[in-house]
Amino acid sequence: MKRDSRLSGVLHVLLHMAQQPGPFTSETLAKAMDTNPVVIRRIMAGLRDLGYVRSEKGHGGGWTLACDLSKVTLRDVYIALGNPPLLAMGHRTEAPGCLVEQAVNAALDRAFGDAEVLLLSRFGEVTLAMLGDDLRKRLGARKHQGMSAHHA
């Protein structure tokens with residue numbers, strides 16, 4: 001199963017937007033996420049609907065942040081993306097006739113449910129401002145070593 005990296009990608013884009021003033025076009029953001037501008041517009045529209053970003057049309061337009069980063073959590077962004085699946089594992093058969101497999105599925109369902117509750121709780125504790133603070137610390141260490149944000 002292919003991993004869903006939209007949350008990671010959107011967080012990446014939002015941090016870039018927070019670091020540099022001015023609007024970002026869908027094309028520029030698509031390059032940062034290595035995807036198609038249509039995908040960016042779809043994702044950013046969900047963020048816009050919740051008031052996290054805004055868009056301006058026309059020359060000089062694009063996407064800008066519209067929120068206080070200290071009030072937006074990873075869980076908020078996750079929800080804006082439509083609650084994509086958190087775990088890639090699943091059942092061998094969704095509706096098994098075998099009692100053994102039913103017992104296995106029930107145990108996995110409980111474990112997966114517990115893991116998702118814990119993960120979403122942790123997502124709710126981390127704000128975009130916290131990510132920005134971590135980025136600034138990392139940039140400071142890199143600048144000290146003469147490196148940019150995108151290169152090791």
Side-chain angles (χ1 to χ4, degrees), residues 1-95 104-105 107-143 147-152:
M1 174 185 265
K2 188 174 187 258
R3 290 182 142 194
D4 186 332
S5 62
R6 286 179 297 162
L7 179 60
S8 175
V10 168
L11 293 170
H12 183 130
V13 162
L14 292 172
L15 285 181
H16 273 295
M17 291 173 71
Q19 298 301 310
Q20 297 178 10
F24 288 78
T25 66
S26 297
E27 289 73 19
T28 300
L29 296 176
K31 286 179 187 172
M33 283 184 62
D34 194 27
T35 191
N36 189 295
V38 172
V39 172
I40 292 296
R41 284 189 280 278
R42 191 176 313 121
I43 289 171
M44 297 302 275
L47 296 173
R48 180 188 55 216
D49 292 346
L50 294 173
Y52 302 142
V53 298
R54 66 174 138 305
S55 62
E56 298 288 329
K57 295 184 185 217
H59 183 70
W63 299 98
T64 55
L65 290 175
C67 62
D68 178 347
L69 297 183
S70 68
K71 296 192 180 348
V72 179
T73 66
L74 300 186
R75 183 173 51 211
D76 295 329
V77 177
Y78 167 79
I79 290 168
L81 290 174
N83 303 312
L86 290 170
L87 304 172
M89 289 189 285
H91 303 305
R92 189 176 72 88
T93 306
E94 290 300 321
V104 167
N105 285 3
L108 290 175
D109 284 342
R110 280 190 300 276
F112 293 156
D114 291 348
E116 286 187 2
V117 166
L118 181 62
L119 185 55
L120 287 174
S121 173
R122 179 65 181 130
F123 280 3
E125 296 170 2
V126 180
T127 66
L128 296 182
M130 293 165 81
L131 294 181
D133 290 344
D134 184 39
L135 171 61
R136 279 184 287 286
K137 288 177 192 167
R138 292 171 187 271
L139 281 172
R142 287 257 171 115
K143 284 181 183 177
M147 293 185 239
S148 71
H150 275 273
H151 297 93

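Values reported hereafter were calculated over all heavy atoms of this structure, with side chains retained and with hydrogens, waters and symmetry mates removed. Computed from a prediction, not measured in an experiment: that's the story for all the values here.
Among all heavy-atom pairs drawn from Cys67 and Val72, the shortest one is SG-CG2, 3.7 Å. Contact between Ala80 and Leu50 at its shortest, heavy atoms only, is CB-CD1, 3.5 Å. Here the shortest heavy-atom pairing between His12 and Ala32 reads NE2-O, 4.4 Å. The shortest heavy-atom contact between Asp4 and Arg6 is OD2-NH2, 2.7 Å.
When the shell of 6.0 Å around CD of Glu56 is examined, it contains 12 or fewer heavy atoms from other residues, nucleotides or ligands. Residue Asp34 qualifies as open at atom CG: its count of foreign heavy atoms under 6.0 Å is 12 or below.
You'll find the side chain of Leu29 reaches within 4.5 Å of the side chain of Met17, heavy atoms only. The side-chain heavy atoms of His91 and Asp109, taken from C-beta on, include a pair separated by under 4.5 Å. The side-chain heavy atoms of Leu14 and Leu47, taken from C-beta on, include a pair separated by under 4.5 Å. Taking the side chain as every heavy atom from C-beta outward, Ser55 and Met44 never approach each other to under 4.5 Å. Side-chain contact between Met33 and Val13: present, with at least one pair of heavy atoms (C-beta onward) separated by less than 4.5 Å.
Exactly one of Leu11, Leu86, Thr73 qualifies for a side chain to side chain contact (heavy atoms under 4.5 Å, CB included) with Tyr78. That residue is Leu86.
Qualifying side-chain contact (heavy atoms from CB on, under 4.5 Å) partners for Thr93, counting only residues two or more places apart in sequence or in other chains: Pro96, Glu101. A search for side-chain contact (heavy atoms from CB on, under 4.5 Å) contacts involving Asp133 returns Arg136, not counting sequence neighbours. The salt bridge (charged side-chain N to carboxylate O under 4.0 Å, His left out) test applied to Arg48 returns no partner, not counting sequence neighbours. Evaluation of the side-chain contact (heavy atoms from CB on, under 4.5 Å) rule for Pro37 yields Ser26, Glu27, Ala30, Arg41 as partners, not counting sequence neighbours. For Val117, there are no side-chain contact (heavy atoms from CB on, under 4.5 Å) partners at least two apart in sequence or on another chain.
Note: Thr28 OG1 to Ile40 CD1 = 10.0 Å, rounded to the nearest 0.5 Å. Remark: Leu65 CG to Phe24 CZ distance equals 8.5 Å, nearest 0.5 Å. The CG atom of Leu135 lies 8.5 Å from the CZ atom of Arg138; values are rounded to the nearest 0.5 Å.
The closest donor-acceptor contact from the side chain of Ser5 to the backbone of Ser8 lies at 3.5 Å or more, if one exists at all. Panel note: side chain Arg75, backbone Leu120; a donor-acceptor pair is recorded below 3.5 Å.
In summary, Arg110 and Asp114 do not engage in a salt bridge, as defined by a charged side-chain N under 4.0 Å from a carboxylate O.
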Report, one line per pair, each donor and acceptor closer than 3.5 Å where one atom sits in a side chain of residues 124-132; sequence neighbours left out.
from	atom 1	to	atom 2	distance (Å)
Glu125	OE1	Arg122	NH1	3.1
Thr127	OG1	Ala129	N	3.4
Thr127	OG1	Met130	N	3.0

Problem - Chi angles and distances behind the side chain to side chain contact (heavy atoms under 4.5 Å, CB included) call for Val104, Arg92 - result: CA-CA 10 Å; Val104 167; Arg92 189 176 72 88; over 6 Å; no
